[in-house]
Amino acid sequence: MKNYFDAQNSYQESKLEEIATILKKGGIVLFPTETVYGIGTNGLDENAVEKIYKIKKRNRKNPISLLVSSMKMIETIAQDISPIEYKLIENFFPGPFTIILKRRNIVPNIVTADSDSVGIRMPSSIIAHKLVELSGVPIAAPSANISGKLSGTNLMDILDEFSDSIDYAIDGGKCQIGMESTVVKVIDNIPHILRPGSITPEQIKNVVGNVILEDNKNDILPSSNMKHYQLDCKVNLVYYENNQKMIDKIMNLSQNCINSIILCCKENEDFYFNRKVIAIASKYDLDAYSKNLFSALHKASSLSPTMIFVEGVKKEGLGIAIMNRLENVCDNIL
């Protein structure tokens with residue numbers, strides 16, 4: 001495409017300054033963060049944010065978080081920040097952590113879905129952080145996917161969907177973490193995790209002493225009741241703590257499925273003989289599992305299977321967030 005910047009092979013701050021100016025003026029840019037790729041614009045420009053909703057086909061009831069580059073920027077868009085909220089910001093910013101704060105009137109209603117709060121994140125990705133800093137404004141940046149489709153952790157997995165509707169695309173290679181940020185809202189001085197991510201409940205508890213993990217369906221985060229990911233075929237999630245039982249279940253379910261694909265851990269790859277298999281990562285390396293999950297799902301989907309079977313992981317630590325994403329993409333949990 002015409003306006004494409006390969007930042008993984010040639011990092012140029014002058015080029016980022018040019019793209020940051022486009023963002024500030026209400027242009028639309030695809031760019032990498034440490035979590036997933038984002039589609040961003042000036043978060044204080046109502047008309048620009050309107051374009052994001054239209055391009056993504058995003059439900060207007062689903063608010064958009066703002067990316068910031070400093071505490072000063074946070075305090076221009078949020079107010080009445082409590083000591084516990086400051087403590088969470090101090091410990092988890094910059095990074096894959098979004099905190100929902102009371103907004104100031106400077107934030108357009110379209111960003112917050114007419115609520116009195118706004119999600120705020122400070123990315124640790126050099127490219128994303130620098131874009132926000134150079135633009136001088138908070139960037140409205142939901143994940144770069146058509147709503148209902150998979151988030152992208154590689155630019156080339158998503159570029160075709162957006163190439164005709166964006167002003168610039170930055171290729172920063174594969175995202176480091178590979179899933180969206182942990183989302184937290186403090187209620188009665190207790191952090192509630194509304195969406196799990198790579199910042200785990202244990203990490204938050206270690207900082208503030210208490211945490212509540214909400215289920216997938218809650219009334220606090222409007223988007224929790226929306227279908228997040230949908231592939232063009234049926235996806236089945238299978239998990240048993242007994243590894244052999246999980247393998248046997250998937251083998252039995254897939255034996256009569258023509259053109260099915262199995263997504264599994266590397267340790268189990270050779271057990272699925274006579275099956276099409278994509279190994280995600282070692283089950284002992286959940287960081288790599290998280291990083292590779294969406295790209296593995298994109299790859300499986302590109303092969304046009306009739307059915308996909310996915311091994312689950314244990315719901316502890318980072319496994320909570322991995323299973324959250326799998327439960328959102330799968331049609332059946334077996």
Side-chain angles (χ1 to χ4, degrees), residues 1-52 54-56 64-77 89 92-98 106-108 111 119-145 151-178 180-181 291 295:
M1 64 179 293
K2 180 180 178 182
N3 294 323
Y4 168 85
F5 174 36
D6 184 0
Q8 58 182 326
N9 293 315
S10 177
Y11 180 87
Q12 302 170 25
E13 190 160 317
S14 60
K15 178 61 72 173
L16 288 182
E17 287 177 356
E18 175 190 335
I19 299 171
T21 301
I22 291 170
L23 279 168
K24 187 173 184 177
K25 291 180 177 179
I28 309 296
V29 176
L30 286 185
F31 61 91
T33 77
E34 72 275 23
T35 56
V36 297
Y37 272 76
I39 179 169
T41 192
N42 185 338
L44 303 182
D45 183 334
E46 186 173 352
N47 293 328
V49 177
E50 169 82 19
K51 289 190 284 185
I52 293 282
K54 286 182 177 179
I55 291 168
K56 277 179 59 74
I64 294 176
S65 294
L66 297 178
L67 299 186
V68 298
S69 59
S70 67
M71 193 66 228
K72 181 179 178 180
M73 190 178 284
I74 292 172
E75 290 172 341
T76 64
I77 58 177
I89 290 168
F92 298 118
F93 277 17
F97 186 83
T98 299
I106 193 174
V107 180
V111 170
I120 297 174
R121 185 168 95 80
M122 186 185 295
S124 59
S125 157
I126 294 173
I127 292 171
H129 195 105
K130 203 68 182 176
L131 276 178
V132 183
E133 180 183 307
L134 292 170
S135 72
V137 295
I139 300 300
S143 56
N145 58 314
S151 297
T153 54
N154 290 292
L155 179 66
M156 295 309 159
D157 286 338
I158 54 174
L159 186 57
D160 286 347
E161 293 179 323
F162 296 106
S163 58
D164 295 331
S165 54
I166 61 173
D167 297 295
Y168 232 107
I170 302 175
D171 191 348
K174 194 168 186 176
C175 295
Q176 179 184 357
I177 293 172
E180 305 89 343
S181 63
K291 182 176 182 177
S295 58

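Being a predicted model, the structure only gives us computed values, none of them experimental. The first residue of the sequence shown is numbered 1, and numbering continues consecutively from there.
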Decide yes or no on side chain to side chain contact (heavy atoms under 4.5 Å, CB included) for Q12 and F5, but give the supporting numbers first. CA-CA 9 Å; Q12 302 170 25; F5 174 36; 4.2 Å; yes
One should read off an interatomic distance between E17 CD and L131 CG, to the nearest 0.5 angstrom, of 11.0 Å
Practice prompt. Find out whether P108 and V49 are in side-chain contact, i.e. whether some heavy atom of one side chain is under 4.5 Å from a heavy atom of the other.
Written response: no
Rounding to 0.5 Å, atoms CD1 (I74) and CD1 (I89) come to a distance of 4.5 Å
Heavy-atom side-chain proximity of L44 to I77 below 4.5 angstrom: yes
Quiz item: Do Y37 and D157 pass the side chain to side chain contact (heavy atoms under 4.5 Å, CB included) test, and can you show the C-alpha distance, the side-chain angles, and the key distance before you say yes or no?
Solution: CA-CA 10 Å; Y37 272 76; D157 286 338; over 6 Å; no
One should read off an interatomic distance between E34 CD and I126 CD1, to the nearest 0.5 angstrom, of 11.0 Å
Scanning both residues in full, the closest heavy-atom pair of M71 with M122 reads N-CE, 4.2 Å
Shortest non-hydrogen pair, G43 vs V111, comes out as O-CG2, 3.4 Å
Taking atom types as modelled and ignoring hydrogens, do the side chains of T98 and S181 form a donor-acceptor contact shorter than 3.5 angstrom? yes
Regarding K25 and N42, is there a side-chain donor-to-acceptor distance under 3.5 Å anywhere? no
Note to self: Checking M73 against L66 for the side chain to side chain contact (heavy atoms under 4.5 Å, CB included) test, could you report, in this order, the C-alpha distance in whole Å, the side-chain angles of both residues, the deciding distance, and whether it holds?
What the structure shows: CA-CA 10 Å; M73 190 178 284; L66 297 178; over 6 Å; no
d(S124 OG, F97 CZ) to nearest 0.5 Å is 13.5 Å
To the nearest 0.5 Å, atom CD1 of I28 lies from atom CD1 of I39 at 6.0 Å
Checking L67, D171, L155 against F31 for side-chain contact (heavy atoms from CB on, under 4.5 Å), the one that qualifies is L67
Strictly distance-based, threshold 3.5 Å: is any side-chain N or O of T41 a donor or acceptor partner for the main-chain N or O of G27? yes
**OP:** Flag the pair E180 and R121 as a salt bridge only when some basic side-chain nitrogen lies within less than 4.0 angstrom of an acidic carboxylate oxygen.
**Re:** no
Would you mind reporting whether K56 and S143 have side-chain heavy atoms less than 4.5 Å apart? yes
Smallest heavy-atom separation, F162 atom then L30 atom, equals CB-CD1, 4.0 Å
Of all heavy-atom pairs linking A169 and L159, the shortest is CB-CD1, 3.9 Å
NZ (K130) and CD1 (I19) are apart, to the nearest 0.5 Å, by 14.0 Å
Practice task
Measure from the side-chain N and O atoms of K174 to the backbone N and O of T153, and report whether any donor-acceptor pair falls under 3.5 Å.
Solution key: no
- Message: Counting neighbours of NZ on K24 that are heavy atoms of other residues, nucleotides or ligands and sit closer than 6.0 Å, is the number greater than 12?
- Response: no
Here the pair of heavy atoms bringing S135 nearest to V132 is OG-O, 2.9 Å
request  = May I have the step-by-step check of side chain to side chain contact (heavy atoms under 4.5 Å, CB included) for Y168 and L23, ending in yes or no?
outcome  = CA-CA 9 Å; Y168 232 107; L23 279 168; over 6 Å; no
Of all heavy-atom pairs linking I64 and A140, the shortest is CG2-CB, 3.9 Å
